[in-house]
Protein chains: 2
Amino acid sequence: MPPHPPAVTDRAADRMRTAIMEGGLRPGEQLVEAEWTDRLGVSRNTLREAFRQLCREGLAEHQRHCGVTVRNLSAEDVREIFTIRRALELSAVATVTTPIAPHRLDSMRACVAAAADAAKAQDWRAVGSHSLRLHGEIVRLIGSPQLDAFFASVLAQLRLSFAINPDEAAFQAPWLDRDAAILDRLAETDPAGAASALRAYLDDSERGLLARFPAP
Amino acid sequence: MPPHPPAVTDRAADRMRTAIMEGGLRPGEQLVEAEWTDRLGVSRNTLREAFRQLCREGLAEHQRHCGVTVRNLSAEDVREIFTIRRALELSAVATVTTPIAPHRLDSMRACVAAAADAAKAQDWRAVGSHSLRLHGEIVRLIGSPQLDAFFASVLAQLRLSFAINPDEAAFQAPWLDRDAAILDRLAETDPAGAASALRAYLDDSERGLLARFPAP
DNA sequence: GCCCGGTGAATTGTTCAACAATAATTATTG
DNA sequence: CAATAATTATTGTTGAACAATTCACCGGGC
């Protein structure tokens, strides 16, 4: 039997999280307590705890007496996300001095394959998600669950910034091949090659995302 | 005027955090809600939120229907902490390609000086805290507040493991000089030298901490 | 017309009390 | 003594209440 039925507060947080990710909520939009207690059918205390979870994950922001709003990333925030990505993903790649465990490679290849399928189906949102999942797998090479959890929340924030722009198609397509290339280098136990490909990838990706913000 | 009086829940979390850190609570000890609502004079809801904060920081653990306990680190946990330290601190050191900003250097030197003072005063707990503060400053070189917050919680977990052993004197003393040496290399903008010194430092420190656990 | 302060509604912060669900403990039975 | 049933303690969740704060609205003075 399952260890425990999932907690009510977790289910509430899940539903709000997907609501944010699916784009039903705009960045900066306020999350009013009364509204969501009705919609989710949970008590205010439980809901507030769910809010706190979202804030902890960087998907929402809280200001005392002013409530919770969907996080609205600034250019500075995007830069920080990529600073973190560079630090962690490059660290991870550097640890690949011996061949990667087969099951790890399989997980990574599955991400790329899923992204390719989604691209064929023109589901660009899914493409982005699967690509980010691959990069989560890369960080897993470091071998720390705590780091994985932290990085997952960082990637979730990045996905949030995807939601801003409408033309995801043009944005997502070119990156697929580069993901695959990085993975190939990793499979060949070529950390230096993977690192340089990854660094270029991150630089370009950051540039592309920052271009959408009004010039400073 | 100050932006806001601090939230009740934060003050409660603070008091419990120091209680844990000062060693008043042993690892594995259970934190009963009723007991702490009395001691802190806050409501159960507020207290539960404070509990969750501690869990998020890795200072406590939560199991559904079984309450919250003070985190009890295993050898595996210590290994993970050092895995994270290696990834982040070495990443940080690698970013030092241009001279470090003077105020940053000042903060770091202040940590070493404070640790030295504490050593003179035989306050070994303080020595450990200041040394860890230095390593927190190192990670700040990366330039990400989110990463800083995450790393701070990792260091707090490590401090928790210090609380286990009684003879902190023998443990803390030798590391002071090595901290200073690493800082010198950083001040000279010598990332490679700092990296190798830091790597050796972390390896030795991890070994020393793991030695206290029963052999596998 | 526009700035200014005050009034009141709406929202959030915190507490309290109750009940349900689960785990731990004790009592009971064979 | 072992296994099981009943009891108790603790946590999970809810609902309502009240305080504190923000915000929008409104009227008066310049």
Side-chain angles (χ1 to χ4, degrees), chain A residues 1-20 24-72 149, chain B residues 1-20 24-72 149:
Chain A
M1 71 176 160
H4 265 303
V8 178
T9 172
D10 291 334
R11 284 177 43 75
D14 279 348
R15 288 186 54 180
M16 286 195 292
R17 196 176 305 129
T18 64
I20 291 175
L25 271 21
R26 290 193 221 156
E29 188 167 338
Q30 188 151 30
L31 302 176
V32 183
E33 294 184 354
E35 199 177 307
W36 284 90
T37 52
D38 288 354
R39 191 181 310 194
L40 300 179
V42 300
S43 82
R44 204 154 76 94
N45 285 323
T46 303
L47 180 80
R48 285 166 63 84
E49 164 57 13
F51 275 170
R52 281 183 282 255
Q53 270 191 240
L54 295 185
C55 290
R56 178 187 340 149
E57 297 167 20
L59 264 43
E61 279 176 331
H62 175 95
Q63 264 188 276
R64 239 172 98 84
H65 291 289
C66 297
V68 176
T69 56
V70 179
R71 176 104 179 266
N72 194 359
Chain B
M1 69 178 158
H4 265 302
V8 179
T9 172
D10 291 334
R11 284 175 44 76
D14 279 347
R15 288 187 55 180
M16 285 195 292
R17 195 174 311 140
T18 64
I20 292 175
L25 272 17
R26 297 204 195 154
E29 186 166 339
Q30 189 154 32
L31 301 175
V32 184
E33 292 184 356
E35 200 176 306
W36 284 88
T37 51
D38 288 355
R39 192 182 309 196
L40 300 180
V42 301
S43 83
R44 233 181 105 206
N45 286 325
T46 304
L47 181 81
R48 285 166 63 84
E49 165 57 13
F51 275 170
R52 282 184 278 256
Q53 270 192 238
L54 295 184
C55 290
R56 177 192 343 155
E57 296 167 21
L59 265 43
E61 279 175 332
H62 176 92
Q63 265 189 281
R64 237 173 102 83
H65 291 290
C66 298
V68 175
T69 57
V70 178
R71 176 103 180 266
N72 195 359

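Letters A, B, ... mirror the listed sequences (proteins, then strands); counts begin at 1. These numbers come from the heavy atoms of this one structure, side chains and all, not from hydrogens, waters or symmetry mates.
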Estimate the overall bend of the helix from C/dG1-D/dC30 to C/dG30-D/dC1 from the end axes over five pairs each, rounded to 10 degrees.
->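 Answer for the end axes of this duplex: 10°.
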Could I get the full list of salt bridge (Lys or Arg N to Asp or Glu O under 4.0 Å) partners for A/Asp38, not counting sequence neighbours?
->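 A/Asp38: no salt bridge (Lys or Arg N to Asp or Glu O under 4.0 Å) contacts found.
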Within the structure, does a side-chain N or O atom of [X] lie under 4.0 Å from either OP1 or OP2 of [N]?
X: A/His62; N: C/dG13; value: yes
X: A/Arg48; N: C/dG13; value: yes
X: A/Arg64; N: C/dT14; value: yes
X: B/Thr46; N: C/dG13; value: no

Just the rounded figure in Å: distance from [atom2] of [N] to [atom1] of [X].
X: A/Asp10; N: D/dT13; atom1: CG; atom2: P; value: 8 Å
X: A/Asp38; N: D/dG15; atom1: CG; atom2: P; value: 11 Å
X: A/Glu33; N: C/dA10; atom1: CD; atom2: C1'; value: 12 Å
X: B/Arg44; N: C/dA18; atom1: CZ; atom2: C1'; value: 10 Å

Which part of the nucleic acid, if any, lies within reach of A/Leu31 when heavy atoms closer than 4.0 Å are counted: base, sugar-phosphate only, or nothing?
->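 Contact class for A/Leu31: sugar-phosphate only.
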Under 3.5 Å, which donor-acceptor pairs link side chains of residues 30-37 of chain B to any protein atom two or more places apart or in another chain?
residue : atom : partner : partner atom : Å
B/Gln30 : NE2  : B/Cys66 : O            : 2.6
B/Glu33 : OE1  : B/Arg44 : NE           : 2.7
B/Glu33 : OE1  : B/Arg44 : NH2          : 3.3
B/Glu33 : OE2  : B/Arg48 : NH1          : 2.7
B/Thr37 : OG1  : B/Glu33 : O            : 3.3
B/Thr37 : OG1  : B/Ala34 : O            : 2.8

